[in-house]
Structure formats: C-alpha cells, structure tokens
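Everything below concerns the one structure shown next.
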Amino acid sequence: MNDRMGRRRFVAATGAAGLAALAGCSGGGDDPTPTDYTEAEARVAEYLDASVAEDTFDGTFADATGEDEVVVDVGADGNGAAYAFAPVAVRISAGTTVSWQWTGQGGVHNVASDGDSDFDFDSGDPKQTGDPFEQSFDDTGVGLYVCEPHRSLGMKGGIVVVE
Ligand SMILES: [Cu+2]
C-alpha cells in the first residue's frame, strides 16, 4: 500500500518541475538544482544532460532574446576536445536567425535536428570549414540538434524559441 502511494506521488511530480529536478540531479555536482526552468528549457536540459559533458552544458542558457541573428560556433571546445557547439543552449526570440559557423577545429561537423525537436533542419554533409548554415526560427518551440559524426561524444545543442 505504501509502495503504491509512493509511485503515484512520483508520477504526479513529473512534468516541467520533475524534469528540471532530474536534469539537476544528473549533473552530479554541488550546483543548485535549477528550479526555474520553463517546460521548453526542461526539454532542452533533458536532451543535453543525457550525453553532453558536464563542462559543456552547465545547466544555463545563453540569453539572446531580442536579437536578429545569433551565432553558434561549430567545433568549439568541449566534450573532450573541439566537439561542442557554443553556446550549447541558447534562448532566442521568434523570428531570429541562427547562424552556425564552423571553427575548423575538431574535424568535420554537421548540424541536424534530432530527438523530439519541434523544428526540422539539416546542414547537409559534415564539413570542416565553409559557409555558415543559417536557419530562421519563426515560431516558438524547442530546437534539438546533433553533430552526427560526434553524436557519441555528446556534440549536441538546444534552442528555446520564445515570443
Ligand atoms: Cu562534430
């Protein structure tokens, strides 16, 4: 009987607050658990915490709301070498263009939407240098993406699009 009640209580705790708590726990450090995540931010944190190195995603979102264009470096330091996106998690306003720019470090990379991303986008074949990949995010939602060659190393990123 006690078991059953405990389980029911756990189910009730899931949702945005539950996800944020889980994301904080899996960080494993002494950092305070972020309790102020929105539901969208919790989705990004859950996606990143599953595999991205702790020194790459520290639970915070770069705030780029109100900007026309945001640059994300492809091949930034993280996940053991130049296997990260920077900023790895960013909050933008609807209508913002994200420009992924290749640093030339860490071999070849690409940008491909992944998981339960609300947006579909794909930069094409992995490359080491070349033109930026630009994508406009005109609706609110969550963008989750991965570098396919470095998926196993945790080269992933997330975007929260707010009004
Ligand atoms: Cu990569």
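When a residue number appears, it is its place in the shown sequence, counting from 1. Both ligands and their constituent atoms are indexed starting at 1 by order of listing.
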Does any non-hydrogen side-chain atom of Leu48 lie less than 4.5 Å from one of Val88? yes

Hey, does the side chain of His150 reach the backbone of Val146 with a donor-acceptor pair shorter than 3.5 angstrom? no

Decide if the gap between the ring center of Tyr145 and the ring center of Trp100 is smaller than 6.0 angstrom. yes

Between Phe61 and Tyr37, is the ring centroid distance below 6.0 Å? yes

Distance-only check: which donor-acceptor pairs under 3.5 Å involve side-chain atoms of residues 152-160, not counting sequence neighbours?
residue, atom, partner, partner atom, Å
Lys156, NZ, Ser51, OG, 3.3

Residue-atom pairs from the protein, N, O or S only, that lie under 2.8 Å from the Cu ion (ligand 1): His109 ND1, Cys147 SG, His150 ND1, Met155 SD

Trp102 and Asn110: which non-hydrogen atoms are nearest, and at how many Å? CZ2-CA, 4.1 Å

